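Notes follow once the structure below has been shown.
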Amino acid sequence: MNYAETIKEIVTRISPSPTVYVHSFGCRLNVSDGNSLLGKILDMGFAETEDVNSASLIIINTCAVRENAEKKVYGVIGELKHVKEKNPDVIIAVCGCMTQEKHVAEFIKNTYRHVDFCFGTFAYKKFPELLYNALTKNEFQCDNNEYPNDFSDFNLYQKSVIKADVPIMYGCDNYCSYCIVPYVRGRERSREVSDILSDIRTLTDNGFKEILLLGQNVNSYGNTLKPPVPFSELLKQAAEIPGDFKIRFMSPHPKDMRKDLIDIIAEYPKLCKSIHLPLQSGSNRILELMNRQYTAETYMEIVKYIRKKMPRCTISTDIIVGFPGETEYDFEETLRIIKEAHFYNIFSFIYSKRTGTKAADLPDYATAVEKTSRMTRMLTLQREIATETYAEYVEKTLTVLFDGSSKTEGLIAGKSDEGIIVEAPGTFDKIGEYRKVRITKSHNWALEGVILNF
Ligand code: 5AD
Ligand code: SF4
């Protein structure tokens with residue numbers, strides 16, 4: 001049966017103008033999954049709405065990476081009970097990383113009776129069938145089986161008309177001991193080079209100016225292809241596509257950050273000079289417990305090589321504070337590497353125990369107060385480093401892609417090639433093209449400047 005066509009018929013009978021509301025939590029890859037699904041639903045005849053109360057179909061795309069992400073998701077799902085009470089015809093679906101976990105899907109089924117169906121990260125292809133069943137039968141369904149991924153149903157729909165996300169690989173084989181991803185996203189698998197390049201061509205032909213290549217472990221791209229293709233080769237071929245656009249990628253693993261990859265980034269102007277390189281901890285003892293497969297020293301060798309090849313390349317990182325067994329000494333090792341590496345930005349997280357991961361069984365002695373205090377100390381240090389780093393850009397000219405308005409009236413905002421937020425006085429006609437900006441002022445989170453007219 002062609003479910004998509006049948007759904008179109010059914011929903012237009014129920015409502016002449018059916019609408020869909022999609023809320024994605026979590027990382028860019030999950031948001032990209034949500035947009036791909038939204039693209040498929042729009043093709044079925046729905047229109048997108050930002051108003052959850054008037055939607056005919058509501059999709060909550062969940063994230064399981066930390067407990068507070070899950071709490072937020074449960075809060076949102078709970079609230080939907082009132083929406084269903086007011087509009088009993090609405091179909092509510094919950095998908096993504098949380099519902100891939102059998103015990104979570106079971107909990108949702110038993111606790112939130114207003115949810116019509118759940119599906120996991122492998123079952124996007126099954127969505128039309130699940131929606132058809134929800135429209136025609138009145139019983140809860142859940143599909144979190146692990147289907148082989150052939151990527152054939154991937155939809156390129158983007159929310160922005162300037163920046164586009166292109167997933168290139170899914171899953172992760174690294175099994176970092178704190179991380180739920182391998183359990184909810186499965187083993188690593190990569191899309192074919194030709195499919196990715198064709199997506200980039202389609203997007204850039206349609207005016208997109210920035211392509212973000214996504215993967216949970218983006219630089220181990222291509223290991224599962226036959227024959228294997230290194231990530232550096234994919235980047236090179238992508239950067240050789242003609243047109244006025246730039247490429248970023250997220251998130252690489254330090255253990256796969258080889259010199260040939262850094263050399264390619266240095267060689268091609270289309271590849272942004274900004275690398276997000278998750279460190280997680282600066283203590284070798286903790287890195288081993290985390291199963292990260294590198295040491296603080298090998299991490300710093302990569303940082304030094306990046307700086308040598310590309311002096312203006314910025315580096316940002318992820319840090320987990322309070323991993324089980326982290327001592328004051330371990331934490332100070334992290335602070336030491338933060339100072340040495342001079343990150344322009346840090347995404348920091350307090351360790352969150354994830355059932356089913358190896359670290360969940362490790363003894364943990366530090367108190368919540370100690371962990372919060374470590375976090376505060378780290379953020380204070382980072383603010384000092386960022387203030388210093390950002391101040392160095394004053395009086396310099398950066399290339400910026402503006403893509404929206406700033407919170408301050410009269411200013412537009414975008415990101416420089418180096419990944420730094422830049423704001424400048426301007427109107428919407430300056431959006432969507434690369435602009436030269438003279439930096440006039442720095443903060444510890446962004447720069448301000450004036451757009452040069454040439
Ligand atoms: N607790 C805290 N932070 C985590 N991350 C992943 N798993 C956990 C966890 N259990 C962080 C890592 C990763 C980022 C996406 O989320 O720093 O790089
Ligand atoms: Fe969250 Fe990880 Fe899933 Fe992304 S892959 S949505 S960060 S659990």
Side-chain angles (χ1 to χ4, degrees), residues 28 31-32 35 156 158-166 199-214 235 238-250 264-276 306-307 309-316 342-345 386-454:
R28 279 294 275 271
V31 171
S32 160
N35 287 340
L156 255 191
Q158 307 287 332
K159 283 253 178 151
S160 162
V161 291
I162 301 166
K163 295 178 175 182
D165 295 344
V166 177
D199 284 350
I200 299 175
R201 276 192 209 100
T202 306
L203 291 162
T204 54
D205 286 351
N206 280 293
F208 283 88
K209 295 287 177 196
E210 188 181 293
I211 305 294
L212 177 64
L213 303 179
L214 290 169
L235 269 190
E240 280 169 358
I241 295 175
D244 179 27
F245 69 95
K246 295 208 169 174
I247 300 167
R248 298 184 192 274
F249 58 88
M250 230 172 62
I264 292 284
I265 302 169
E267 188 181 334
Y268 285 86
K270 274 207 174 81
L271 303 176
C272 287
K273 304 300 177 263
S274 177
I275 299 176
H276 182 66
I306 294 172
R307 301 248 189 260
K309 294 291 290 194
M310 297 174 278
R312 68 176 190 88
C313 184
T314 53
I315 304 175
S316 56
H342 226 81
F343 299 114
Y344 84 102
N345 200 1
T387 305
E388 221 177 87
T389 314
Y390 283 42
E392 284 167 17
Y393 288 101
V394 175
E395 302 284 296
K396 298 216 163 71
T397 300
L398 302 184
T399 304
V400 180
L401 178 63
F402 290 99
D403 67 339
S405 53
S406 140
K407 283 193 184 121
T408 317
E409 210 176 314
L411 299 186
I412 52 172
K415 268 194 183 166
S416 75
D417 195 9
E418 299 81 0
I420 298 177
I421 298 171
V422 179
E423 298 189 334
T427 42
F428 268 76
D429 58 315
K430 295 283 189 279
I431 280 178
E433 297 292 336
Y434 288 97
R435 307 277 173 196
K436 295 280 179 211
V437 177
R438 187 87 182 147
I439 303 302
T440 52
K441 198 172 167 189
S442 68
H443 306 278
N444 58 19
W445 56 275
L447 299 170
E448 274 179 50
V450 283
I451 299 172
L452 302 177
N453 287 322
F454 62 84

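Positions are given from 1, in the same order as the sequence printed here. Keep in mind that what you see is a predicted model, and the values were worked out from it rather than measured.
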With Ile412, which of Asp403, Ile451, Val422 fulfils side-chain contact (heavy atoms from CB on, under 4.5 Å)? Ile451
Working to the nearest 0.5 Å, report the span between CG of Leu398 and CD1 of Ile439. 4.5 Å
State, to 0.1 Å, how close Glu240 and Tyr268 come at their nearest heavy-atom pair, and which atoms those are. OE2-OH, 2.5 Å
Which one of Arg248, Arg312, Lys396, Lys246 satisfies the salt bridge (Lys or Arg N to Asp or Glu O under 4.0 Å) criterion with Glu418? Arg312
Taking the side chain from Tyr434 and the backbone from Lys209, do they hold a donor-acceptor pair closer than 3.5 Å? yes
Donor-acceptor under 3.5 Å (Gln158 side chain, Leu156 main chain): yes
Met310 side, atom CE; Ile275 side, atom CD1 - distance, nearest 0.5 Å: 4.5 Å
Under a 4.5 Å cut-off applied to non-hydrogen side-chain atoms, are Glu388 and His342 in contact? yes
Check the pair Arg438 / Lys436 against side-chain contact (heavy atoms from CB on, under 4.5 Å), numbers first and verdict last. CA-CA 7 Å; Arg438 187 87 182 147; Lys436 295 280 179 211; over 6 Å; no
Looking at every non-hydrogen atom in both residues, tell me the closest pair between Leu203 and Ala164 and how far apart they are. CD1-CB, 3.7 Å
Please give me the minimum heavy-atom distance between Ala424 and Gly449, naming the atom from each residue. CB-O, 3.2 Å
More than 12 heavy atoms of other residues, nucleotides or ligands under 6.0 Å from NZ of Lys273: yes or no? yes
Give, for atom NZ of Lys270 and atom CD1 of Ile200, the distance between the pair rounded to the nearest 0.5 Å. 10.5 Å
Do the rings of Trp445 and His443 sit parallel, tilted or perpendicular, given the 30° and 60° boundaries? parallel
Working to the nearest 0.5 angstrom, can you tell me the gap between Thr202 OG1 and Phe208 CZ? 10.5 Å
Where the side chain of Arg435 meets the backbone of Lys430, is there a donor-acceptor pair that is under 3.5 Å apart? yes
Apply side-chain contact (heavy atoms from CB on, under 4.5 Å) to the pair Leu235 and Leu213, showing each step before the final yes or no. CA-CA 9 Å; Leu235 269 190; Leu213 303 179; 3.8 Å; yes
Can you name the nearest heavy-atom pair linking Tyr344 to Ser316, along with the distance? CE2-CB, 3.6 Å
Atom pair CG (Asp417) and SG (Cys272), whose distance is rounded to the nearest 0.5 Å: 4.5 Å
pair Lys163-Leu212: side-chain heavy atoms closer than 4.5 Å: no
Whether the side chain of Arg307 engages the backbone of Cys313 through a donor-acceptor N/O pair (distance < 3.5 Å, no angle test) should be reported. yes
Rounded to the nearest 0.5 Å, the NZ atom of Lys159 sits from the CG atom of Asp165 at a distance of 12.0 Å
Could you tell me whether the side chain of Thr387 and the main chain of Asn444 form a donor-acceptor pair under 3.5 Å? no
Over all heavy atoms of both residues, which pair between Ser406 and Glu423 is shortest? Give the atoms and the distance, please. OG-OE2, 3.1 Å
Residues forming a ring pair (Phe, Tyr, Trp, His ring centres under 6.0 Å) with Phe249, sequence neighbours excluded: Phe231
Check: Ile265 and Ile306 side chains under 4.5 Å, non-hydrogen atoms: no
For Thr389 and Tyr393, which heavy atoms make the closest approach, and how far apart are they? O-CD1, 3.4 Å
